[in-house]
Amino acid sequence: MGAPAPTPADLLRPRGATVWLTGLPSAGKTTLARALAGRLRAEGHPVEVLDGDEVRAHLSAGLGFSREDRHTNVTRIGFVAERLAAHGVTVLAPVIAPYAASRAAVRERHAGRGTAFLEVHVATPVEVCSARDVKGLYARQAAGEITGLTGVDDPYEIPADPELRIRTRGRSVAECTAELHAFLTGRGLL
Ligand SMILES: Nc1ncnc2c1ncn2[C@@H]1O[C@H](COP(=O)(O)OS(=O)(=O)O)[C@@H](OP(=O)(O)O)[C@H]1O
Ligand SMILES: Nc1ncnc2c1ncn2[C@@H]1O[C@H](COP(=O)(O)OP(=O)(O)O)[C@@H](O)[C@H]1O
C-alpha cells in the first residue's frame with residue numbers, strides 16, 4: 001500500500017530543512033548564511049543559523065580541531081539541526097565539516113527521519129580564502145603560529161555530489177544569496 005494522501009493539515013505544515021554550508025575558512029559560509037537568514041525571516045520563515053564558531057562556544061565547548069573532535073562537532077550540530085528542521089525550521093549550518101564521513105552521517109540521520117537535508121558546497125578556492133583571511137588564520141598558519149588549518153595543512157574533502165556548489169569568487173554576496181534562495185525555492189522548501 002502506498003503512503004496515505006496528505007491531509008489539509010499536512011499541506012499547511014511548514015517544510016523545514018537543514019541547509020549545510022560546507023567549505024574552507026573564509027569561503028563565505030557565515031556571510032551567506034546570515035544574508036539568506038535575513039531574507040527568509042523577512043519573508044516570514046522560521047530560521048535558525050547554527051554557526052560553527054558559535055556552537056563551539058556552547059554545545060561543543062572544549063572540542064578542538066582533531067579529526068575526532070571535528071566529527072563530534074559536526075554530528076552534534078547535525079543532531080540539533082535535524083530536530084529543528086523536523087519542526088518546520090529552515091536551519092542554516094555554516095560549518096566547515098571537512099570530512100565526507102561526518103557529512104554522510106548527518107545526511108543519513110536526516111534521511112532516516114524523513115527530514116530534508118541539502119549540502120551546499122561554498123566552493124571558494126583556497127587562494128581566495130587566504131586573501132580574504134577574515135580571522136587572520138591563514139596568516140597565523142603561514143607564520144607558524146598555528147597548525148592544522150583546514151585546506152592548508154589539514155584535510156578538506158571536497159563534496160563529491162552536493163545538492164549545490166556555489167562559487168563566490170568574483171561574485172557579490174547579493175548574487176550568491178539570490179542563487180541560494182532560488183535553489184531552495186526550486187526544491188519546494190520556501
Ligand atoms: N585549525 C583550524 N581549522 C579550521 N578552522 C579553525 C581552526 N582554528 C580555528 N578555526 C576557526 O573555527 C571555525 C571552524 O569551526 P567549525 O566548527 O566550522 O569546524 S569543523 O566543522 O568542526 O571542522 C572556523 O570558522 P570559519 O572561518 O567561519 O569557517 C575558524 O574560524
Ligand atoms: N560572493 C561572496 N559570498 C560570500 N562572501 C563573500 C563573497 N564575496 C566576498 N565575500 C567576503 O568573504 C568573506 C567570507 O567570510 P565568512 O563568511 O566569515 O567565511 P566563512 O564563514 O566561510 O569562514 C567575508 O568578508 C565576505 O564579505
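Along the sequence shown, residues carry numbers from 1. Read the numbers this way: they start at 1 and go in the same order the structure lists the ligands and their atoms.
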Can you list the ligand 1 atoms lying under 4.0 Å from a non-hydrogen atom of [X]?
| X | result |
| --- | --- |
| Gly148 | 1 (N), 2 (C), 3 (N) |
| Val95 | 17 (O), 18 (O), 21 (O) |
| Pro25 | 27 (O), 29 (O) |
| Val74 | 21 (O) |
| Gly52 | 17 (O), 18 (O) |
| Thr30 | 28 (O) |

Salt bridge or not for [X] and [Y], using N-O below 4.0 Å?
| X | Y | value |
| --- | --- | --- |
| Glu127 | Arg169 | yes |
| Lys135 | Asp53 | yes |
| Asp51 | Arg56 | no |
| Glu179 | Arg167 | no |
| Glu163 | Arg103 | no |

Nearest protein heavy-atom contact for [atom]: which residue, which atom, what distance?
| atom | value |
| --- | --- |
| atom 3 (N) of ligand 1 | Arg70 NH2, 3.1 Å |
| atom 29 (O) of ligand 1 | Lys29 NZ, 2.9 Å |
| atom 4 (C) of ligand 1 | Thr150 OG1, 3.4 Å |
| atom 16 (P) of ligand 1 | Arg56 NE, 3.6 Å |
| atom 21 (O) of ligand 1 | Ala97 N, 2.8 Å |
| atom 10 (N) of ligand 1 | Phe65 CZ, 3.4 Å |
| atom 13 (C) of ligand 1 | Asp53 OD1, 3.2 Å |

Same cluster or not: are Val95 and Ile158 linked, directly or through other Ile, Leu, Val, Met, Phe, Trp or Tyr residues, by side-chain heavy atoms under 4.5 angstrom apart?
no
How long is the span from the [atom1] atom in [X] to the [atom2] atom in [Y], to the nearest 0.5 Å?
| X | Y | atom1 | atom2 | value |
| --- | --- | --- | --- | --- |
| Phe183 | Leu118 | CZ | CG | 4.5 Å |
| Leu50 | Leu21 | CG | CG | 11.0 Å |
| Thr18 | Glu48 | OG1 | CD | 11.5 Å |
| Thr75 | Glu82 | OG1 | CD | 13.5 Å |

Could you point out which residue of Arg76, Glu68, Arg70, His71 forms a side chain to side chain contact (heavy atoms under 4.5 Å, CB included) with Leu63?
Arg76
Are the side chains of Leu40 and Leu190 in contact, using a 4.5 Å heavy-atom criterion?
yes
Indicate yes or no: at least one non-hydrogen side-chain atom of Thr115 is less than 4.5 angstrom from one of Arg83.
no
Relative to ligand 1, is Pro98 under 4.0 angstrom through side chain, backbone, both or neither, heavy atoms considered?
side chain
Specify side chain, backbone, both or neither for Lys135, according to which of its non-hydrogen atoms lie closer than 4.0 Å to ligand 1.
side chain
Start with the C-alpha distance between Leu180 and Leu32, add both sets of side-chain angles, then the distance that settles side-chain contact (heavy atoms from CB on, under 4.5 Å), and finish with yes or no.
CA-CA 9 Å; Leu180 274 170; Leu32 293 179; 4.1 Å; yes
Under 4.0 Å from ligand 2 - residues by heavy atom, chain and number:
Leu24, Pro25, Ser26, Ala27, Gly28, Lys29, Thr30, Thr31, Leu32, Arg132, Val134, Thr168, Arg171, Ser172, Val173, Cys176
Could you establish whether Leu137 and ligand 1 come within less than 4.0 Å of each other, counting only heavy atoms on the residue side?
yes
Note: heavy atom closest to atom 17 (O) of ligand 1, options Ile96, Asn73, Asp69, belongs to Asn73
